[in-house]
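Report on one structure; see the data block that follows.
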Amino acid sequence: MFAIGVFSESRILDMQPFRTHTGKVAPLYRDNVDTDQIIPKQFLKRIERTGFGEFLFFDWRRSPDGRPDLSFVLNDHRYDSASILVTGKNFGCGSSREHAVWALLDFGFRAIIAPSFADIFANNCVKNGVLTVTLGEHQVAEIVGHANSTPDYEITVDLEKCMIQDKRRISEHFHIDEFTRHCLLEGLDNIGLTLEHEPQITAFEARRSRTSTARDPEWR
Amino acid sequence: MDKPDVINHQRTLLHKIWEEHLVCEATGEQPLIYVDLHLVHEVTSPQAFAGLRAANRRVRRPERTVATVDHNIPTEPRGTPINDPIAVRQIQALQQNCTEFGIPLFDMDSSDQGIVHVIGPELGLTQPGMTIVCGDSHTTTHGAFGALAFGIGTSEVEHVLATQCLGQRKPKNMLIAVSGSLPEGVGAKDLALGVIRQIGTDGANGHVIEYAGTAITALSMEGRMTLCNMSIEAGAKAAMMAPDDTTFAYVKDRRFAPRGREWDESVERWRMLPSDPGAKYDTVAQISGSSMAPFVTWGTNPGMVVRVDESVPEISDLKMDRDAATRMLEYMDLKPGTKMEDICVDRVFIGSCTNSRIEDLRAAARVARGYRVAGTVRAIVVPGSQAVKRAAEQEGLHEIFKNSGFEWRESGCSMCLGMNPDILQPGERCASTSNRNFEGRQGRGGRTHLVSPVMAAAAAIAGHFTDVRNWRFQ
Ligand code: SF4
């Protein structure tokens, strides 16, 4: 049987702050990329947060016999060591599996650019220090175009200024909500933040048990 | 509270629940919402417990936390050894975590085990007005009771375990008004597919949907759960509907439901929950219930929907990128113009948190009665919980299924996502009552068509999709 209880290594991916990041851009220009594609279910059985990178987009990266599918963008050596992914709308839809973000991060991605993201996925990104940049369809298409045609095309994502820039043409402002930005910039431990409100939580529970009929379930 | 709320005091169901659960709103932070019920399963929780342990934190309210095993477990008779050592490790991790942190667990051998979204309502844990979360996107199911219920990631699971709260941006509110009534042979699953067809797979992103209208109030609780369940496939954060007498009748006398005077007081409180007349929504959509039909998906996301009497669409008719459409058709091995009713299936799956409740099984059994599953088809029925299984067996539904050639299984997620041995082989085509037709969802290279339970049963018998509105019941 297995030794359960040795979990200490699972916090290796403690959240790194995100301030400014410059990196190579890989284009995966498809809409509705779901988390089942990002990390197929057969790899969800690990109980750690680490080691998911090699299984990222597994069914797209590998043909059924296990060999790399060379037509898939992440197997194209031009995009080796890319750390920014640019993709289509509704990225990360489907299952809530945070393993999708762990896999992207473990593979080397720090920022994802798309016209829109699925809500749970975007939340999961923040908790892991991965920045989701939402831009208009037009701007996304332009970045995809450059990533396709310019060798080693790089972008700088500056979260302090909320700007993305490349060396020549692109210089765009992006919008992000202030709290998310703050968490990413500081690499904040959200749980620690909430625990500072312990007195309010306790007060809430006390108030509620006086004023409402909502009760704890009675475990009989 | 900010001024506009004071002036316009007509509040929606969402706003009422939100305000009732607001713990605090510190400057520069997201509002903190209290969580009434936290459901836990084996796949999305191990890393959360590990995080607690590493930071030396405890579970704040173990009695408001409930765990079960559903995703990994085999649906062969209980006691069958699990061959996958990694799945065993995950199941054991949950058992150990529940023991260590004092969390009630409905384990493999429990008579209350089942898919997490089936057992919450069935045990009466899910109640109107609650906030409910789970590390699972289909938590939207519980909104059928007039609760605010949504899926979260593993970091948030850890957050809720440690604090019983969650920082949340206030979501937008979307009203989907479904007028008229659903035609004969058309059910909640078809309505769910019809909604996604109309608003798209990202049509409700950032929103909590509230369903209202005559077609909604006419639905049973099972039907309401099916509709709320599938709303995540339209991108909704959560979905809900006003609690009413149908809701109260379902909850009453269930194991964790309030009793006696507390029951009366609870119902009185729940009657205050429905949205006030004139309350404002950020977005409104109108759907005609009577225009719904039995639907079948043809592509690799739940928005790719046609009526069973239609054909696979022409690429030029699709509002999507040509390459993406071509890819989808290739993956599904379909040609534009093929009649849906001419598409043969190899497998049929009746189950999942979308369609595995007693009413779903009754409806499917009614179609199957007196017929045999086609020789070319392998069909399985997987009840959503042990309680559903028992109820079905009491009614003799299992005999109907077995006599017709369906396999009758133990409860779990099963072929909805194939984390257990129930998977499609590459190239196999499946009529499935589950919720996702993504590439490889039911097994690598597998082709999934989402349908209602009656459509699935009819496909099993005919060997191809067939319009259940013309079914000759025996
Ligand atoms: S039945 Fe399917 S969708 Fe529902 S909880 Fe299980 S895996 Fe998720």
Side-chain angles (χ1 to χ4, degrees), chain A residues 1-2 4-5 7-8 10-11 30-32 34 36-37 40-42 44-49 59 64 88-90 93-99 101 116-121 123-124 127-128 177-179 182 190-191 193-195 197-198 200-201 204-205 208 212-219, chain B residues 23-24 26 28-30 32 34 36 43-44 46-47 50-51 53-54 63-64 86-87 89-90 92-93 96 104 125 135-137 151-156 158-159 162-165 167 169 201-202 205-206 235 237 256 258 262 265-266 269 301 324 417-419 426 436 438-441 444-445:
Chain A
M1 276 301 129
F2 300 90
I4 299 169
F7 294 98
S8 49
S10 68
R11 289 296 277 189
R30 296 178 185 176
D31 289 344
N32 297 309
D34 58 78
D36 273 80
Q37 301 319 317
K41 61 188 162 254
Q42 61 269 37
L44 302 184
K45 289 173 189 161
R46 297 175 62 85
I47 58 177
E48 298 82 20
R49 283 174 192 248
D59 289 357
K89 70 172 180 162
N90 203 25
C93 59
S95 158
S96 66
R97 56 187 76 163
E98 197 160 317
H99 313 66
V101 182
S116 64
F117 294 90
D119 293 339
I120 304 176
F121 176 81
N123 266 334
N124 288 342
K127 311 285 177 199
N128 291 277
D177 89 78
E178 204 30 59
F179 180 71
H182 177 65
N190 263 272
I191 300 180
L193 206 62
T194 300
L195 286 173
H197 297 299
E198 171 64 39
Q200 282 106 316
I201 304 173
F204 174 90
E205 286 174 334
R208 199 130 168 281
S212 168
T213 57
R215 297 258 177 274
D216 284 358
E218 248 182 74
W219 291 93
Chain B
V23 173
C24 61
E29 288 178 30
Q30 288 179 316
L32 208 56
Y34 194 77
D36 289 325
V43 176
T44 54
Q47 295 86 351
R53 213 175 266 118
E63 68 281 12
R64 289 193 173 270
I86 318 177
R89 188 165 165 235
Q90 205 167 55
Q92 288 178 341
Q96 199 212 308
L125 286 163
D136 194 286
S137 57
I152 56 178
T154 298
S155 295
E156 289 175 316
E158 184 180 336
H159 193 283
T163 68
Q164 204 57 33
C165 295
R169 211 174 309 135
T201 48
D202 58 354
N205 276 18
K237 178 175 186 73
F256 291 98
E262 279 199 2
E265 284 170 10
S266 298
R269 184 165 56 89
N301 74 51
L417 91 167
M419 272 187 79
R436 289 187 174 138
F438 299 152
E439 282 182 32
R441 169 82 178 179
R444 187 171 186 167

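All chains are named by letter (A, B, ...) in the order of the sequence lines, taking the proteins before the strands, and each is independently numbered beginning at 1.
- Using a 4.5 Å cut-off between heavy atoms, B:L32 contacts chain A through its side chain alone, with no backbone atom that close.
- Heavy atoms of B:N301 lying under 4.5 Å from chain A belong exclusively to its side chain.
- Only the side chain of A:N32 comes within contact range of chain B, with at least one heavy atom under 4.5 Å from a heavy atom of that chain.
- Note on A:K127, A:K89, A:K41, A:Q42: by heavy-atom pairs under 4.5 Å with chain B, the leading option is A:K41.
- Considering only residues two or more places apart in sequence or on other chains, B:A162 meets the side chain to side chain contact (heavy atoms under 4.5 Å, CB included) condition with A:I191, B:L52, B:R57.
- For A:D31, no part lies under 4.5 angstrom from a heavy atom of chain B.
- The most heavy-atom pairs under 4.5 Å with chain B, out of A:G94, A:C93, A:G88, A:P64, come from A:G94.
- Interface residue B:R436: only side-chain heavy atoms are found under 4.5 Å from chain A.
- Interface residue A:I120: only side-chain heavy atoms are found under 4.5 Å from chain B.
- A donor-acceptor pair under 3.5 Å is absent between the side-chain atoms of A:Q200 and the main chain of B:V23, judged by distance alone.
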Give the intermediate values and the outcome of salt bridge (Lys or Arg N to Asp or Glu O under 4.0 Å) for residues B:D36 and A:R208. CA-CA 11 Å; B:D36 289 325; A:R208 199 130 168 281; 3.2 Å; yes
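- A donor-acceptor pair shorter than 3.5 Å cannot be found between the side chains of A:H182 and B:E29.
- At a cut-off of 3.5 Å, with distance as the only test, no side-chain donor of A:E98 or B:T44 sits close to an acceptor on the other residue.
- Ranked by heavy-atom pairs under 4.5 Å with chain B, the first of A:R46, A:E198, A:E205, A:R97 is A:E205.
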Checking salt bridge (Lys or Arg N to Asp or Glu O under 4.0 Å) for the pair B:R444/A:D59: CA distance, chi angles, key distance, verdict? CA-CA 7 Å; B:R444 187 171 186 167; A:D59 289 357; 3.6 Å; yes
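- Of the residues considered (B:G445, B:P426, B:P104, B:A26), B:P104 shows the highest number of contacts with chain A, using heavy-atom pairs under 4.5 Å.
- A 4.5 Å side-chain heavy-atom check between B:D202 and A:F117 finds every atom pair outside the cut-off.
- Of the listed residues (B:G206, B:A324, B:G235), the greatest number of heavy-atom pairs within a distance under 4.5 Å of chain A belongs to B:G206.
- Ranked by non-hydrogen atom pairs under 4.5 Å with chain B, the options A:T194, A:N123, A:N124, A:L195 are led by A:T194.
- In this structure, no portion of A:F121 lies under 4.5 Å from any heavy atom of chain B.
- Checked against salt bridge (charged side-chain N to carboxylate O under 4.0 Å, His left out), A:R30 has no partners two or more places apart in sequence or in another chain.
- Between B:S155 and A:N128, the closest side-chain pair of non-hydrogen atoms falls below 4.5 Å.
- Comparing B:R169, B:M419, B:Q164 by heavy-atom pairs within less than 4.5 Å of chain A, the highest count is held by B:M419.
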